[in-house]
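Just so it is clear, the values below take in all heavy atoms, side chains as well, and ignore hydrogens, waters and symmetry mates. In what follows, chains carry the letters A, B, and so on, assigned in the order in which the sequence lines appear, proteins first and then strands, with residues in each chain numbered from 1.
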Protein chains: 2
Amino acid sequence: MTRVVVDVMFKPEILDPQGQAIANALPRLGFAGVTGVRQGKRFELELIESSSEAAKDQATRIAETLLANPVIEDFSIRVEE
Amino acid sequence: MTRVVVDVMFKPEILDPQGQAIANALPRLGFAGVTGVRQGKRFELELIESSSEAAKDQATRIAETLLANPVIEDFSIRVEE
């Protein structure tokens, strides 16, 4: 069993209204000094595959197919030990 | 400037219908060997605070107040170098 984490974030040039809403709310809630907020998604996959390398390859294919929209999102993958 | 990443995931005992939907879709898409999927949120905060320790403290207060629902979600915080 291998646990793989896939982080999916909007590409930097894509507007992120959710993150912007949080950034705008922070001063009202008393939090100063936050210059930017981006919100994305995090997926934890449990794979039967025991080889880290093969698990990462499989997770990459899953992310490309299902978890991220490559037109507007970037993803990064790491195997959790 | 310090970049802090806040990961927010449902607590293990909370059902995660989005993750479940992905887990159910994977076999239909030709991906075998995935035994579990959990979906959560990832936030990237840019803080003016330059001390890692103080930035982490501030991000913790922001996460508790705004980013996570402590009844059903856990969060973890790390400073990106």
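When A/L47, A/L67, A/V6 are compared by the number of non-hydrogen pairs under 4.5 Å with chain B, A/L47 comes out ahead. Between chain B and the options A/V5, A/V34, A/I62, A/T65, heavy-atom pairs under 4.5 Å are most frequent for A/I62. Contact count versus chain A (heavy atoms, under 4.5 Å) is highest, among B/E44, B/E49, B/R61, for B/E44.
Salt-bridge check for A/D7 with A/R78: passed, with a basic side-chain N closer than 4.0 Å to an acidic carboxylate O.
For A/R3, no part lies under 4.5 angstrom from a heavy atom of chain B. Using a 4.5 Å cut-off between heavy atoms, A/L29 contacts chain B through its side chain alone, with no backbone atom that close. Proximity to chain A (any heavy atom under 4.5 Å) is shown, for B/T35, by both the backbone and the side chain. Within the 4.5 angstrom heavy-atom criterion, only side-chain atoms of B/L66, from C-beta onward, approach chain A. Within the 4.5 angstrom heavy-atom criterion, only backbone atoms of A/A32 (N, CA, C, O) approach chain B.
In this structure, B/Q18 places its CD atom where only 12 or fewer heavy-atom neighbours from other residues, nucleotides or ligands lie under 6.0 Å away.
Side chain of B/Q58 to backbone of B/A54: no donor-acceptor contact under 3.5 angstrom is found. Checking side-chain atoms of B/R38 against main-chain N and O of B/K11 turns up a donor-acceptor pair under 3.5 Å.
Linking ILVMFWY side-chain heavy atoms closer than 4.5 Å, directly or via other members, places B/F43 and B/M9 in two distinct hydrophobic clusters.
Distance NZ/B/K41 to CD/A/Q39: 6.0 Å, rounded to 0.5 Å.
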